[in-house]
2 protein chains.
Amino acid sequence: MAQQESHQRRPSIHDVASHAGVSAATVSKVLSGVTTVKPENAQRVLDAVELLGYRVDPLASDMRRAKRRIIGAIMPEFESEFFGQMVSELEGLAEQRGYTLVAASSRESEAREKEILARMHDWRVAGVVLAPVRNEHGPAAGFMKANGMTGVLIDRVLADDAFDTVSADSAAASAEVARALVGEGHRHILVVGLGQQAATVRARLEGFRNTALELAPDMRIDVVLCESDVEPLRTLLRDYFSKREAGNDRPTAVYSLFLKGTLVALSEFRRRGWHCPNDISLVGFDDAEWMQVTWPAIAAVVQPVREIASNAMEVLFRRIEGEGGPPTARLEPCKVLMRESVGSPGSVPHSGGGDRQ
Amino acid sequence: MAQQESHQRRPSIHDVASHAGVSAATVSKVLSGVTTVKPENAQRVLDAVELLGYRVDPLASDMRRAKRRIIGAIMPEFESEFFGQMVSELEGLAEQRGYTLVAASSRESEAREKEILARMHDWRVAGVVLAPVRNEHGPAAGFMKANGMTGVLIDRVLADDAFDTVSADSAAASAEVARALVGEGHRHILVVGLGQQAATVRARLEGFRNTALELAPDMRIDVVLCESDVEPLRTLLRDYFSKREAGNDRPTAVYSLFLKGTLVALSEFRRRGWHCPNDISLVGFDDAEWMQVTWPAIAAVVQPVREIASNAMEVLFRRIEGEGGPPTARLEPCKVLMRESVGSPGSVPHSGGGDRQ
DNA sequence: GTGAAAGCGCTAACAT
DNA sequence: ATGTTAGCGCTTTCAC
């Protein structure tokens with residue numbers, strides 16, 4: 001393949017045209033696979049393309065077309081495994097269909113989320129995959145509606161009256177966690193979480209509570225929730241355990257509805273010198289690679305990232321291609337991995353080390 | 001702010017022009033801050049903009065300008081905290097200067113890396129931040145050179161003859177780790193890592209080895225390296241420890257040059273029932289949030305993500321603005337966090353639990 | 001089959 | 001101070 005000289009103007013479609021002795025329109029036709037071009041000419045175009053190292057400018061191309069082949073993705077953050085994998089998956093899927101994914105992170109701010117969305121609208125993106133900071137009622141989704149943008153909502157959302165949604169089946173997964181914990185004999189459990197505004201977090205809480213109480217009506221469920229920020233949660237949790245310890249009625253297990261909650265809980269256990277599962281059991285929503293190499297390994301709910309991503313893209317492209325109909329709401333099943341951080345309450349009470357179970 | 005009707009064609013600059021009773025050129029001037037416009041007309045333009053909810057189409061705008069205000073970022077992956085934070089930082093910095101960041105992940109493949117770069121070239125990006133999969137000699141960097149693209153190389157690179165580079169000061173950090181480990185009394189240390197092709201990984205190894213041997217000439221340093229993939233490393237490590245255990249001369253500490261190596265090492269320790277720091281000490285290059293909540297907390301080298309990102313962007317924009325001169329090579333200092341996973345060898349030999357130190 | 005012409009939405013010269 | 005003209009690189013009628 002011929003390499004052009006450095007720092008030279010890139011060849012345009014006209015350069016190819018003159019090299020091939022045809023018009024720009026013909027070049028465009030050849031490159032877009034129109035079959036009505038004389039084979040001989042087509043070959044000459046291809047040769048010229050090869051010779052010059054010509055490549056279509058996708059932006060100029062989109063300029064003239066109706067819709068631009070760009071998909072926007074907005075995630076609350078890029079730092080966690082979950083959203084990192086999500087972006088990675090979405091990128092691959094967009095690419096497969098000849099689209100480019102432009103990703104941006106709202107950094108857990110609804111204001112920023114809306115700003116990004118406005119910028120994507122400026123870009124005339126064909127569609128948007130939005131993982132909203134809070135839920136489907138934020139200003140960002142409102143903006144999308146008001147401007148007739150096409151998009152899918154994922155993750156912190158269960159259903160919407162304007163957009164298709166795809167998320168993990170939080171309630172079912174939480175019910176499974178409840179069954180496991182009740183089965184181990186736990187009758188006093190703390191649920192911690194961030195972002196009670198998110199429909200999914202509420203679903204996680206309710207799914208857990210309903211099943212747990214159904215299986216064990218004498219169950220005591222404490223809840224420590226706070227909106228969005230980690231530091232307040234840390235304080236709340238500390239106070240909670242101090243009070244419970246004073247009253248000598250601390251829970252035997254913790255279920256965290258959010259990855260960050262799991263980290264905060266672990267950190268608090270450390271501070272108090274508690275080890276899982278002897279002193280307390282722990283299950284977290286959201287899995288991470290490290291959870292299986294620590295001692296004990298941390299039990300977790302694994303969200304089906306690939307499934308969420310591929311379903312989101314599928315439904316998005318259907319809309320982009322003009323398919324009508326009412327918004328759909330998909331729930332993808334999770335896997336619950338019961339690892340060493342969960343045991344029976346009081347089985348080896350208050351022992352020191354984080355021994356193997 | 002006036003909201004336009006859903007599904008309506010977005011207003012163009014001509015719509016604004018006719019509403020304001022001026023020409024499109026004048027609108028453009030007002031919006032780009034040219035001051036030679038009569039204040040009264042400027043106001044009418046602004047009013048029309050407000051009324052119609054007009055926003056400039058950045059692509060059409062870039063089309064006519066010389067350079068496009070797009071920065072490309074290529075990371076080996078999005079799943080790890082390090083690269084996630086990096087993208088997040090870069091995104092913010094690009095945005096600050098009115099540029100849009102388009103990020104893509106090479107998924108640890110040099111072929112994909114080059115393809116992405118070609119696509120970004122098609123997009124006529126103003127510049128690229130490339131975190132190469134292996135090192136500065138890969139096909140991607142070659143492509144950038146051959147096509148006269150402007151860019152910065154970060155992370156797995158120390159210096160280059162064509163591009164500016166910014167990375168963590170691996171050698172200095174490793175030297176510090178060596179001092180700490182030698183100081184604790186370790187005289188037999190295993191270094192594990194992936195990607196020995198990366199200049200940085202070699203720098204990490206050499207920085208460690210040189211300092212360690214200087215401080216303790218009787219030091220024994222074993223090395224288990226393998227290229228790029230995790231699974232072979234797992235096998236290698238297993239075999240290594242089996243052999244060492246049979247010979248009864250296993251190392252008292254492990255230094256991992258890569259996050260994934262740290263995970264593999266921990267996993268192997270688990271398998272063997274070893275606890276840090278009693279059975280073996282562990283330090284890893286690359287910090288992660290979970291490392292401070294596990295028991296024991298894992299000692300780690302913290303890379304200065306923000307500094308790398310901001311220096312990379314700074315130097316990139318200087319090149320974009322046409323600044324000449326030979327390529328620069330920046331090295332940003334790391335912080336070394338000595339946590340509980342490091343102790344003195346044999347201090348509490350072969351005890352069971354992962355007790356607090 | 002093919003090319004000329006007309007833009008997509010914008011901005012930079014150049015007139016006025 | 002403002003409008004006119006001429007594109008950026010491409011695609012798409014629509015004649016020929």
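The figures that follow rest on heavy atoms only: side chains count, while hydrogens, waters and symmetry mates do not. Model, not experiment: these values are computed from the prediction. In what follows, chains are A, B, ... by sequence order, proteins preceding strands, each numbered from 1.
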Does the side chain of A:S61 get closer than 4.0 angstrom to OP1 or OP2 of D:dG9 through an N or O atom?
no
Across all chains, not counting sequence neighbours, the ring pair (Phe, Tyr, Trp, His ring centres under 6.0 Å) partners of A:F83 are none
Please check if the side chain of [X] supplies one atom and the backbone of [Y] the other of a donor-acceptor pair under 3.5 Å.
{"X": "A:R330", "Y": "A:V315", "answer": "no"}
{"X": "A:R156", "Y": "A:N135", "answer": "no"}
{"X": "A:S106", "Y": "A:M75", "answer": "yes"}
{"X": "B:D62", "Y": "B:R69", "answer": "yes"}

Residue set satisfying salt bridge (charged side-chain N to carboxylate O under 4.0 Å, His left out) with A:E89, at least two apart, ordered chain then number -> A:R306
Going by the angle between their ring planes, with limits at 30° and 60°, are A:F78 and B:F78 parallel, tilted or perpendicular? parallel
Residues in residues 16-28 of chain B with a heavy atom under 4.0 Å of DNA chain C, by number, are B:A25, B:S28
Tested for salt bridge (Lys or Arg N to Asp or Glu O under 4.0 Å) against A:D15, the lone hit among A:R10, A:R9, A:R55 is A:R9
Between [N] atom [atom2] and [X] atom [atom1], what is the distance in whole Å?
{"X": "B:H14", "N": "C:dT11", "atom1": "NE2", "atom2": "P", "answer": "11 Å"}
{"X": "A:R44", "N": "C:dG1", "atom1": "CZ", "atom2": "P", "answer": "17 Å"}
{"X": "B:L31", "N": "C:dG9", "atom1": "CG", "atom2": "P", "answer": "16 Å"}
{"X": "B:R69", "N": "C:dC10", "atom1": "CZ", "atom2": "P", "answer": "12 Å"}
{"X": "A:L52", "N": "D:dG9", "atom1": "CG", "atom2": "C1'", "answer": "15 Å"}
{"X": "B:K67", "N": "C:dC10", "atom1": "NZ", "atom2": "C1'", "answer": "19 Å"}
{"X": "B:L59", "N": "D:dC10", "atom1": "CG", "atom2": "P", "answer": "14 Å"}
{"X": "A:R124", "N": "C:dG9", "atom1": "CZ", "atom2": "P", "answer": "7 Å"}

Residue pairs meeting salt bridge (Lys or Arg N to Asp or Glu O under 4.0 Å), one or both in residues 32-46 of chain B, sequence neighbours left out, come to none
Which nucleotide, [options], lies nearest any side-chain atom of [X]?
{"X": "B:V56", "options": "D:dA1, D:dC10, C:dT11", "answer": "C:dT11"}
{"X": "B:R64", "options": "D:dC10, D:dC8, D:dA1", "answer": "D:dC8"}
{"X": "A:A60", "options": "D:dG9, D:dT11, C:dG1", "answer": "D:dG9"}

Note: A:A329 and A:L158 closest approach over all heavy atoms is CB-O, 3.5 Å
Between A:A140 and A:L130 the two heavy atoms that sit nearest each other are CB-CD2, 4.1 Å
Review point. Between B:D164 and B:T328, is a side-chain hydrogen bond (donor to acceptor under 3.5 Å, both in side chains) present by the stated rule, with each step listed?
Key: CA-CA 5 Å; B:D164 300 307; B:T328 62; 3.1 Å; yes
Atom pairs, N/O to N/O, protein against nucleotides 14-16 of chain D, distance under 3.5 Å?
none

In short, the helix from C:dG1-D:dC16 to C:dT16-D:dA1 is bent end to end, axes from five pairs each side, to 10°, by 50°
